[in-house]
Amino acid sequence: MTAQIIDGKLVAGEIKAKVKERVEALKARGVTPGLAAVLVGDDPASATYVSSKAKACEQLGIYSEVIRKPATTAQSELVDIVRSLNANPKIHGILVQSPLPKQIDEMAVTLIIDPRKDVDGFHPHNVGLMLMGRGHLLPCTPHGIIKLMEYYKIDPSGKEVVVVGRSNIVGKPVAALLMQKAPMANATVTVAHSQSRNLAEIVRRADIVIAAIGRPRTITAEMIKPGAVVIDVGVNRVEESTSTKGYRLVGDVDFAGCFEKASYITPVPGGVGPMTIAMLMSNTVSAAEEFAQNRS
Ligand code: GUN
C-alpha cells in the first residue's frame, strides 16, 4: 500500500479563495481587514514565515504591516508596540512571531494582545473558549489540520488519535479540538511527548498520528499501524551541502518509509504549512467581520 498525499497547497488555495470573497464583502461595507505581524530578531525561519504571511495578505486584499525589531528589543518596547496595535483601527489581527528572544517573556506579551485581535488564538481567553468548545479565533495550525482532514473526508470521530508533542502552539490545542463533542472531532486522543516511554507502542495504536515534536524523522514506518493517517507538522532544517541553501526542510516523520504504509500522509513542505497561513487569513477576516458587526 502506498499513501495518498494530502495536498495542503490545494486545500489552502480553496480556503483562501473563500476568504477573498469575505474580504471583498467587508470592503463593500467600508472595512478593509488588517493584519500586523511583529518580528523580533533575525531567526531565518521566522522571517520566512512572516514574509509568507504578508504575501498571503497581499494576494487576498488584506492590509498588512510587518514590524521588524532587533533581537535586543526590550520587553517594554514590545509591549508598547502591541498596545498601539490594539488601539489601531486599521488593524484587526495581531501576531507576534514566536520564538521571541530570551529577555522577553512571551506569556506577558500574549496577555497584552486584545483577545478580539488575537488571530493566533494564543491568549488564555481564546484558549479557554476553545477548550470549552466555544472558540471563535482557533489556533491556526490545529484548525488547519482539521480542515485538511475534512477535505479528504478523514473523520476522526471514534478513532484513536495520537498527538506526538505537547506545545502550546500545536500539540495541546490540536488534542483539545479533536476531543470535543463536535463534528470533525469526537476522537479518543492520546498525547505523547519527549518523556513518553514506549513511544513506538503508543503510536502503533493510532488510526491518526499527528507529529508535532520538532525532531526530524522521529516517526518511522515501524512505529505506525498499516493504513494509519499521518499528519506531519514538523518543519526542521537539516544540513545538506548539495543544496544551494545549505539545508533541506524535513518533517517529524520519515516520509519515504511511512508513505509505503500509511493510507494518507502530509508532505513537508506543502502539507500542514500552507494551511496555517490560510487559517491565519481566515481568522484575520473573522476578527474584521466581528469589528464591522460591532461598529454598525
Ligand atoms: N511560530 C511558529 N508558529 C507560529 C504561529 O503559528 N504563530 C506565531 N505567532 N508564531 C509562530
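Throughout, residue positions are numbered sequentially from 1 according to the sequence presented. Counting convention: from 1, in listed order, for ligands and their atoms alike.
Of the polar atoms of Val96, at least one N or O is found under 3.5 Å from an N or O of ligand 1, judged by distance alone. For the pair Lys53 and ligand 1, the shortest N or O to N or O distance does not fall below 3.5 Å. At a 3.5 angstrom cut-off on N or O pairs, Tyr49 does not count as close to ligand 1. Geometrically, ligand 1 and Gln97 share a nitrogen or oxygen pair separated by less than 3.5 Å.
Listed by chain and residue number, Lys147, Met184 satisfy the side chain to side chain contact (heavy atoms under 4.5 Å, CB included) test with Glu150 (two or more places apart in sequence, or in another chain).
Atom NZ of Lys27 has more than 12 heavy atoms from other residues, nucleotides or ligands within 6.0 Å.
Hydrophobic clustering (ILVMFWY, side-chain heavy atoms < 4.5 Å, transitive): Met275 and Val235 are in distinct clusters.
Between the side chains of Ser98 and Glu106, at least one donor-acceptor pair of N or O atoms lies under 3.5 Å.
The shortest contact between atom 6 (O) of ligand 1 and any protein heavy atom is with Asp120 OD1, 3.7 Å. Residue, atom and distance of the protein heavy atom nearest to atom 10 (N) of ligand 1 are Ser98 N, 3.0 Å.
Between Phe259 and Phe255, the two ring planes are parallel [angle under 30°; tilted spans 30° to 60°].
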